[in-house]
Structure formats: structure tokens, C-alpha cells
Amino acid sequence: MRRTPLMSGLATAALLATVVTVPTAATAAPTGSADPFTRAVAQLQAHSGAGLAADGQTFTPRTVVTDADGTEHVRLNRYSDGLPVLGGDLVVHLGKGDSWRGATHRLANAPQRAPKAKLSEAAAGKIAYAASTATGRAVAGAQLVFDAGDTATTLAYEVVVGGTHADGTPSELHVLVDATTGAVRDSWEGVQREGTGNTYHSGTVSVGSNLSGSTYQLADPARGNHRTYDLNGGTSGTGTLVTSTNNVFGNGTLTNRQTAAADAAFGAQKTWDYYKSVHGRNGIRNDGVGAYSRVHYSSNYANAFWQDACFCMTYGDGGSGLYPLTSLDVAGHEMTHGVTSNTAGLRYSGESGGLNEATSDIFGTLVEFYAANAKDPGDYLIGEKLRSTGVPLRYMDKPSKDGRSADCWSSAVARLDVHYSSGVANHFFYLLAVGSGTSSYGTSTTCNGTTVAGIGNTKAGAIWYRALTRYMTTTTNYKGARTATLSAATDLYGATSTEYKTVAAAWAAVSVS
């Protein structure tokens, strides 16, 4: 078990999205100036050794994402004999010169040809109607589809039932009815609404929720289906999914078990939104899949951690003068360990371990600023909401204020615990974003007596993110981090830019040159 706590822990291992690569066919697919969707389908048909493009199947375009090196990731919808294949969508990866890089998909079995429905559309509509709990409900439409499951692809009706929820929110319930047996295979709400979370750290906020039957789940379909579970003092498994009968979670006090869950869900939501809106990253692995959160871990557990093995964040209830570890910056910190694991993979020891921790502190801080929550406004303090004394766990303006962290680089930094060797990078980032001297966020001095004028959170965050995802590797040290951020600044703003010069000046100001 590998886990990365907020205050101590082990290294994390990368967990990558599954890509199924099919063998290269003897005859190459045509290339040329055709649009990427046409080229993707041609390559798919030429390399369909795994049955990715069986007879009777056609495709329509969804999106295409192009990397800087020209690699194209083309997302396609799938049809069989003119019927949509739900769950049959795929992404075709094309390299330079339309070279085949494989396809990402989950289709287990191709649909049978010329299927016949034994159930009528009207009968399917009645079954779907009964599955809805909305008021004023009515069948709004139905179509035959193939439902691609994990073991078989089944003919079904997708029926949409309209109506209104008790709180006035419109309902568009999609119900999949087996066209042979009449069984309800699945259902989902087309109108995604958020519940109310009465948190301890952030006040009353909106949280993603999902209506299942007559029960609201603390699950967020809009953000990779992130889910929040209550471990109830356990230390393994997922625990119990947090649910509510009225779409309200917690009451803002620690006597209510759902309050900590609402905090965790809100933190995960804001972290997802920050990475998506600011950096274009679609979840921790950039694959659209949400991690999950577990609260009430063990008894009086005064820590939080990210764990690659379960792809989840886990939060203790505190103890020893600490409140539950579910504050915004902690949530951003823990989820960023997952981002680091799936990008640079910074080894959790020595200087690379300090950079790993600092990366989580940096983006945890930026998540806090992004959230703009009145009860927990952005600052450059780490875990300032956690202690009953109000004393933060760490400081970015002058890391040594915690009595253990390093402000400046020296050869001794590599021998420090990673939570304290992180001080050098935290100090660098503060100088890069805010600058030296006194501001509303703190007072920061430089190790070489110079003055640094900051470039702001947006640019500083963009530089660190690009350095992490493009240039840092598992064993990057502080010297390597300087090179990586200078390369990132060159890419984004130019080698003669103010931003590049400020990166160099901020590293020199923490004795990395």
C-alpha cells in the first residue's frame, strides 16, 4: 500500500489510463489532407485486429485534441446498423504522418447484426415511467440502442422520462430497458444538480450529488463521478457511500458525520474545477475519471493522504489539537499528489520528495485562491484551518517560521524530511507569485539580499504546471527544477520575457542558481 499523507508518507506510483493497442495491419490506411475524423476512422478500419470496426459499424465525430508534437486524440461515437452503441465510444490515437498509436475503448463484444426487439416501445415506455419518482412525469422520447456492458452488448430501449423533482429542478431521467426481457438495465439523470453541503471549514456550499431512486448520493457525475464515503473509523475498504433524503449533507458541526463528508466533497469539486478550467486537465489522470474520498478514517487520526492503489483521498478526524483534515488546501494538496504521480512521478525522498510536497502545497494554495470561499479565503499558509490554535502547518512566505522548514537551499536540504525540504520550493513560488517584502499575505526576505517583484498566481501556476508535466522527472532535484521552470517560462512567455527573468531571480533568491 502506497500513500502520501499531508505530513508524512511513502512515494506514490503512477496509475495510467488503459490504452488498448491493436496490431498493425499489413496494408496501411490512407493518409493525406482529410480531416482528423476521416483519417481516424480509416486507420481504425485498417487496424481493427481486435474487432474495433466490425461489419455494420459506423462512427461519428465528437472531439479531437492535438498535442504540441502533432499527436491527435480523436474521440468517436459508435453505431451498429444505425443504432447508437452506448459505452462503445472510443478514442483513436494518431501519431506523426497518421501513424497508428492504438485506441482507447471499453467495448467487450461487438453487437449482433440485425437485432430484433421482443418488447414494444410502448411497453418499454411504461416500464421507464414507473422507474421515475418525479412529479408530472411523462415519457419524452425513446429509441433502440445497444448497451455495451462489461461482458456483452445488449439491445435496449433508451427512454427519457420528463418531470419535476420536489425541489423544483427539472428531471430528464434516462432509463435503459432491456428490449428482450423488459428489465431496467440502468438509469441516470440528464439534469445534473448540486446538493447543499453544510461544511465545517467552508460554510454552506453547493456540492455535486446524484439522485438514485429516492435517495441523494454524495456523488458528482459532472466531475468524473467523484464519490464520498464514510469509513466509520475503519482503515480499509471504501466504507459507506454518504447519502441524504433531502439533498442536504451535514449541518456545519462536527457532531454530524456528514459535515466532514461535505467538506471533502467540496474540496474535491474545487480541485477538479481548478485543474480543468485553469490547466485544461480533465481529472487527476487527465482521463475524465474522478477519484473518490474517504472520511472518518481510524480514530483520532490527525492526518490525510492520497493513495494510488485505491485512487482516493482519505481524511482523518483530527486529534491532538487538530480539526478534521478536510480543508480546501488539504484537498487540493492530496489530489495534487495524484497529479504528480501521473506526470513527473517525483520520487518521495530527498530533494525530489521536497519538490513533490511543494507541488502539492503550491496547487493546494492555488485551489484555495480559485475557490474564493469567504470562510476560507486564499492565502499562502498550509493547513491554517486545522489547528485549534490557528497556527498553520507550513508557511510559504518564510517557511522557517514553522521551526523546521528550509528557507534557502543548501546541501543539507536533501537530508530533511520532505515536508521541510519542500520549504525551498514553497519560498521560491511565493517570491515568484507575490514577490519579496511585506504584503497582505506575509513578509518574505531573500537569501541573497535581492528584491523580487512577483508575476502573480496565474503565471506562476502556469509555469510550475508546465514544468511538472513536461520537464520534471522522477528524480528531479532543485537544480533540475530551476532548469524545468526556466524551460516552461521560455515556452509560455519567451526567453527574454519578464516572467523568465523573474523565475531566474526567484531561484537565485532561495540560493538555487
Side-chain angles (χ1 to χ4, degrees), residues 1-10 12 197-203 205 207-208 218-220 223 226-242 249-272 284 290-339 357 360-361 363-365 367-368 371 373 375-376 382-388 392-394 419:
M1 180 174 71
R2 293 174 180 262
R3 58 191 185 187
T4 308
L6 180 68
M7 293 180 281
S8 63
L10 304 174
T12 54
N198 293 308
T199 73
Y200 183 73
H201 295 299
S202 300
V205 297
V207 292
L218 198 49
D220 195 346
R223 297 173 179 88
H226 171 272
R227 302 164 81 84
T228 304
Y229 295 88
D230 183 349
L231 279 172
N232 197 32
T235 58
S236 62
T238 56
T240 304
L241 180 64
V242 178
F249 301 88
N251 66 3
T253 71
L254 297 183
T255 57
N256 187 304
R257 300 189 63 79
Q258 292 194 354
T259 295
D263 268 306
F266 181 62
Q269 173 179 307
K270 288 304 178 183
T271 302
W272 177 286
I284 287 174
Y292 65 89
S293 296
R294 306 185 301 176
V295 296
H296 302 304
Y297 178 86
S298 190
S299 176
N300 295 319
Y301 181 70
N303 218 325
F305 58 85
W306 163 265
Q307 193 172 355
D308 271 342
C310 67
F311 197 56
C312 68
M313 292 82 65
T314 302
Y315 302 93
D317 289 332
S320 303
L322 285 175
Y323 297 124
L325 280 285
T326 50
S327 61
L328 268 171
D329 55 356
V330 173
H333 176 108
E334 298 308 336
M335 293 180 75
T336 295
H337 277 307
V339 174
E357 272 299 311
S360 283
D361 283 350
F363 288 117
T365 294
V367 166
E368 191 176 74
N373 180 267
K375 283 203 65 177
D376 189 8
I382 309 303
E384 74 282 357
K385 301 281 287 184
L386 301 183
R387 284 182 171 142
S388 57
L393 300 179
R394 290 187 288 280
H419 297 86

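When reading the values below, keep in mind they use all heavy atoms of this one structure, side chains included, and skip hydrogens, waters and symmetry mates.
- The distance from the OG1 atom of Thr240 to the CG atom of Leu231 is 8.5 Å, given to the nearest 0.5 Å.
- The salt bridge (charged side-chain N to carboxylate O under 4.0 Å, His left out) check on Asp317 picks up nothing, with sequence neighbours excluded.
- Looking at Val207 and Asp220, their side chains never come closer than 4.5 Å, going by heavy atoms from C-beta outward.
- Residues Gln258 and Asn198 fail the side-chain proximity criterion, which asks for heavy atoms closer than 4.5 Å.
- You'll find the side chain of Tyr301 stays beyond 4.5 Å of the side chain of Leu325, heavy atoms only.
- Contacts of Ser360 classified as side chain to side chain donor-acceptor pair (under 3.5 Å), with partners at least two apart in sequence or in another chain: His337.
- Listed by chain and residue number, Arg227 satisfy the side chain to side chain donor-acceptor pair (under 3.5 Å) test with Tyr229 (two or more places apart in sequence, or in another chain).
- A salt bridge does not link Asp376 to Lys385: none of the charged side-chain nitrogens sits closer than 4.0 Å to a carboxylate oxygen.
- Annotation: side chain to side chain contact (heavy atoms under 4.5 Å, CB included) contacts of Ala268 (sequence neighbours excluded): His226, Ser293, Met313, Met335.
- Ser327 is linked by a side chain to side chain donor-acceptor pair (under 3.5 Å) to Asp329, counting only residues two or more places apart in sequence or in another chain.
- Residue Thr228 holds its OG1 atom at 8.5 Å from OH of Tyr315, rounded to the nearest 0.5 Å.
- For Asn300, there are no side chain to side chain donor-acceptor pair (under 3.5 Å) partners, not counting sequence neighbours.
- Here the side chains of Arg257 and Val295 are not in contact, with every heavy-atom distance at 4.5 Å or above.
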